[in-house]
Amino acid sequence: METCVDFFSCLDHDTLWKILMCLEDPSDLVRVGSVSRTWRRFVIANGLCKQLCLRMFPCFHRVDRVIEPNCGMENPSEVGCSKSVEWETLKREHRVYAFLAQGFTSFALRECVSDAISASSTDNYPEESIHNTLQPGDRVARRPSYWSSKGQSDPAVPETLTYKLVADLCVITEISVQPFQAFFQWGSPIYSAKSVRFRMGHPKAPVDDPMGEACDSCADDSFIWTYTSPEFAMAQENRLQKFKLPEPVLCIGGILQIELLGRIQRQEMDGLFYICISHVQVMGRPLSPAFGVEILEPSGKFVLKAQSYTQPSLPENEQCSFPNAYLEGRVRDLEQIVNLLRGQGVVVEYDWNGGDDLDEDMAL
């Protein structure tokens, strides 16, 4: 121990900076800052945790400022010398970015779709609404559950499905889409798209309540897209198809759009091409309630808010929360059963022991 030398005192600033920038684990930077006051000051003064976040997600160049609302730092005091104020700002950014970098890899991985916002078109609303895609599988109470586009004579006409995520800051890793197989039509055709592409961004104005009915081209007018994925080929198969993004994407603003490109299946009844989707699943790491954002338009910059320094986690035995559309369907089924027991309503007979085939004349 008597021969130990603090290499910080032996190296120049640029060399030290290059060495510490080789660290990729935020925990390592925190440990470096805990060695001594000199090391801690170097880490904070040079914003090494912020640089780590920028390296992981360059979109953080758009951060206008960092605040800690719960710590009384939303409006930093200007009292005191400029160096003191600057140092307090650097320390605040160090705390926020250090925890943020940790959250990118350690926050719980989970389903990230909160609700459906709109579809570019819907064939029969509400029976074939986009809200049906929130429900896992392609049937609810033995009835088909899916979204269907309007029919088109041109198979190149695209469609879009737009969703609200569970947080304004989400690290998205993969998106899964399940095409619908019309088991009630002759030949059980599968109405998949040729390929899919994903866009993420934020609304131009706050989205208070998701739109219940599909509206043509509303998404492009209502949202600003900050990320567009490569195009992925989709198989014409009735299964949940996973599309892993080339690298994790930080969605700032909590809006995801799925672009369905190209049509394959023509409906025999009317000769038109359709796209039908039974389920959409988005996996990632929501960064709320620890973090929030405030988008500053028209600049496109945003305020990064550290709302808590407690890491959110999911209990091991957590029950899956069902989307609103699923709960509404279950409520309707229960109401029907109650009415039948009371001798009211129309009796609907289910073949509990038979197959799942429905009327083959049933149209999309």
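Note that this is a predicted model, so its numbers are computed, not measured.
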Does the [X] side chain pair with the main chain of [Y], one donor and one acceptor, at a distance under 3.5 Å?
X: Arg285; Y: Gly103; answer: no
X: Arg199; Y: Gln257; answer: no
X: Ser129; Y: Tyr125; answer: no
X: Asp123; Y: Gly151; answer: no
X: Glu111; Y: Val113; answer: yes
X: Gln241; Y: Ala235; answer: yes
X: Arg110; Y: Pro286; answer: no

Taking every non-hydrogen atom, the tightest pair across [X] and [Y]:
X: Leu272; Y: Tyr274; result: O-CD1, 3.4 Å
X: Ser106; Y: Gln311; result: O-NE2, 3.1 Å
X: Pro289; Y: Gln307; result: O-NE2, 3.2 Å
X: Ser34; Y: Val30; result: OG-O, 2.9 Å
X: Pro179; Y: Val177; result: CD-O, 3.6 Å
X: Ile130; Y: Ser118; result: CD1-O, 3.2 Å

Shared hydrophobic cluster, [X] / [Y] (ILVMFWY, side-chain heavy atoms < 4.5 Å):
X: Ile44; Y: Val63; result: no
X: Phe232; Y: Ile175; result: yes
X: Phe99; Y: Phe104; result: yes
X: Val96; Y: Phe60; result: yes
X: Tyr163; Y: Phe243; result: yes

Determine whether [X] and [Y] make a side-chain contact, defined as any pair of heavy atoms from C-beta on separated by less than 4.5 Å.
X: Trp147; Y: Ile275; value: yes
X: Glu24; Y: Arg55; value: yes
X: Tyr97; Y: Leu54; value: no
X: Lys204; Y: Ile224; value: yes
X: Ile172; Y: Tyr227; value: no
X: Leu296; Y: Arg65; value: yes
X: Leu245; Y: Phe198; value: yes
X: Ile277; Y: Ile258; value: no

Above 12 or not: heavy atoms from other molecules or residues under 6.0 Å from [atom1] of [X]?
X: Glu297; atom1: CD; value: yes
X: Arg40; atom1: CZ; value: no
X: Lys91; atom1: NZ; value: yes

Nearest-0.5 Å distance that lies between atom [atom1] in [X] and atom [atom2] in [Y]:
X: Cys170; Y: Leu287; atom1: SG; atom2: CG; answer: 7.0 Å
X: Asp115; Y: Leu134; atom1: CG; atom2: CG; answer: 6.0 Å
X: Lys50; Y: Leu48; atom1: NZ; atom2: CG; answer: 12.0 Å
X: Leu161; Y: Ile117; atom1: CG; atom2: CD1; answer: 11.5 Å
X: Ile295; Y: Ile252; atom1: CD1; atom2: CD1; answer: 6.5 Å
X: Thr228; Y: Arg197; atom1: OG1; atom2: CZ; answer: 7.0 Å

* With a 3.5 Å cut-off and no angle check, do the side chains of Arg263 and Ser149 form a donor-acceptor pair? ->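 Yes, because at least one side-chain N or O of Arg263 sits under 3.5 Å from a partner of the opposite role on Ser149.
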* Donor + acceptor pair across side chains of Glu259, Thr160 (<3.5 Å) ->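 No, no side-chain donor-acceptor contact under 3.5 Å.
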* Would Tyr191 and Tyr146 count as a close aromatic pair, with their ring centres under 6.0 Å? ->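 No, the ring centres sit 6.0 Å or more apart.
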side-chain contact (heavy atoms from CB on, under 4.5 Å), paired with [X], selected from [options]:
X: Leu250; options: Cys53, Pro58, Cys59; result: Cys59
X: Leu304; options: Asp64, Ile67, Leu169; result: Leu169
X: Ser176; options: Leu240, Val280, Val282; result: Leu240

* Please step through side chain to side chain contact (heavy atoms under 4.5 Å, CB included) for the pair Gln267 and Gln185, ending with a clear verdict. => CA-CA 9 Å; Gln267 183 176 246; Gln185 291 184 349; 2.9 Å; yes
* His13 and Phe42 aromatic ring geometry - parallel, tilted or perpendicular at 30°/60° bounds ->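 Correct class here is tilted.
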* In terms of the angle between their ring planes, are Trp225 and Phe223 parallel, tilted or perpendicular, with boundaries placed at 30° and 60°? ->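 Judged by the thresholds at 30° and 60°, the geometry between Trp225 and Phe223 is tilted.
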* If you draw the axis of the six-membered ring of Phe183, does the NZ or CZ of Arg139 fall within 45° of it and under 6.0 Å from the ring centre? ->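 Verdict for Phe183: a cation-pi partner in Arg139.
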* To do: Taking the six-membered ring of Trp87 (Phe, Tyr or Trp), confirm whether the NZ or CZ of Arg41 is under 6.0 Å from its centre and within 45° of its axis.
  =>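 Yes, Arg41 and Trp87 form such a contact.
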* Leu52 vs Met56, side chain to side chain contact (heavy atoms under 4.5 Å, CB included): CA-CA, chis, key distance, verdict -> CA-CA 6 Å; Leu52 177 59; Met56 298 171 74; 4.1 Å; yes
* Asked: Please, which pairs that meet side-chain hydrogen bond (donor to acceptor under 3.5 Å, both in side chains) have at least one residue in residues 229-238, sequence neighbours excluded?
  ->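 For residues 229-238: Gln178-Asn238, Gln181-Asn238, Ser195-Glu231, Gln236-Gln265, Glu237-Arg239.
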* Which salt bridge (charged side-chain N to carboxylate O under 4.0 Å, His left out) pairs, counting each pair once, include a residue from residues 264-281, with sequence neighbours left out? ->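 Of all non-adjacent pairs touching residues 264-281, none passes salt bridge (charged side-chain N to carboxylate O under 4.0 Å, His left out).
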All N/O donor-acceptor pairs, side-chain side in residues 15-23, below 3.5 Å, sequence neighbours left out:
residue: Thr15; atom: OG1; partner: Asp12; partner atom: OD1; Å: 3.2
residue: Thr15; atom: OG1; partner: Asp12; partner atom: OD2; Å: 2.9

